[in-house]
Amino acid sequence: MREPDYPSADAGQWAAVDDYFSSLLAPPDDSRAAVLANNAGAGLPRHDGSALQGKMLALFVAMTRASRVLEIGTLGGYSTIWMARALPEGGRVTTIEADSRHAGVARANFEQAGLTARIDLRVGAALDVLPTLEGPFDLIFIDADKPNNPQYLRWALRLAKPGTVIVGDNVVRGGAVADPESRDPAVQGARAFLEMIARDPGLSGTAIQTVGEKGWDGFAVAVVGPDRADAGTARAPNPG
Ligand code: DHB
Ligand code: MG
């Protein structure tokens with residue numbers, strides 16, 4: 001069992017259920033096992049998604065019929081590989097990683113998985129890279145440094161189109177998200193992100209708590225409505 005991000009007396013049971021589900025629905029293959037081993041071996045933070053979360057991202061790609069996917073926060077590329085494998089012929093994941101060492105591990109993983117043609121890895125701080133990208137993307141997965149989530153959502157909307165699905169990881173943080181007094185910048189980032197989704201009449205969203213091998217966390221998912229004013233305006237001046 002991996003160390004959960006948030007310790008709990010129930011962590012063993014949550015992991016056992018994840019083991020059962022993943023043995024059925026997202027069984028390990030040699031290639032994904034190699035990615036996780038490479039990431040752990042390189043000493044990357046243990047923030048890879050679980051196999052079941054990876055499968056969920058792959059299903060989001062299929063459900064949205066996405067061919068252009070944007071990921072903010074590559075780490076070692078485990079989620080990237082799940083999404084890239086789910087793309088149709090000609091589809092592409094653009095993924096942004098701020099840490100050049102993490103990006104090096106991810107690049108080697110993409111080569112080992114035979115996926116370099118489907119993955120466009122951009123190395124740099126996301127807030128520097130995002131203004132250089134051209135949308136629209138069909139699916140946007142936000143999974144980088146959490147304090148910047150509000151800015152990432154702003155950029156996601158400018159790189160979106162009506163119908164784009166935006167997914168934000170790690171919005172529960174062991175329950176800390178419910179504390180309005182929290183001084184944790186990651187919690188503040190998650191709360192501001194959720195409040196932006198809630199306030200935006202052009203977005204419809206929800207948030208789901210999850211337990212499993214990573215402990216107690218969750219994700220938000222939102223869809224861009226038909227006439228959201230700034231969807232697709234990435235080249236507009238002063239995007240803030
Ligand atoms: C953290 C980041 C992640 O992307 C994740 O999946 C779990 C935890 C973190 O920064 O704490
Ligand atoms: Mg995450």
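Predicted, not measured: the structure shown is a model, and the values here were computed from it. All ligand and atom numbering here is 1-based and tracks the order in the structure. For reference, positions follow the sequence shown, starting with 1.
- With sequence neighbours left out, Asp128 forms a salt bridge (Lys or Arg N to Asp or Glu O under 4.0 Å) with no residue at all.
- Using modelled atom types, one finds no donor on one side chain facing an acceptor on the other under 3.5 Å when comparing Glu213 with Ser50.
- Met63 and Leu25 are members of different hydrophobic clusters when ILVMFWY side chains are connected at heavy-atom separations under 4.5 Å.
- Listed by chain and number, Asp5, His47, Asp143, Lys146, Asp169, Asn170, Arg173, Lys214 each place a non-hydrogen atom less than 4.0 angstrom from ligand 1.
- In Phe21, the CZ atom is not crowded: 12 or fewer heavy atoms of neighbouring residues, nucleotides or ligands sit closer than 6.0 Å.
- Looking at residues two or more places apart in sequence or on another chain, you find no salt bridge (Lys or Arg N to Asp or Glu O under 4.0 Å) involving Asp48.
- Looking only at protein N/O/S atoms, the ones less than 2.8 Å from the Mg ion (ligand 2) make 3 in total.
- Annotation for Gln13: atom CD does not count as buried by contact number, only 12 or fewer foreign heavy atoms lying within 6.0 Å.
- The pair Lys146-Asp169 does not meet the salt-bridge criterion, since no charged nitrogen lies less than 4.0 angstrom from a carboxylate oxygen.
- Under 3.5 Å, the side chains of Asn109 and Tyr78 contain no donor-acceptor pair of N or O atoms.
- Val105 pairs in a side chain to side chain contact (heavy atoms under 4.5 Å, CB included) with only one of the listed residues (Leu75, Thr74, Leu44), which is Leu44.
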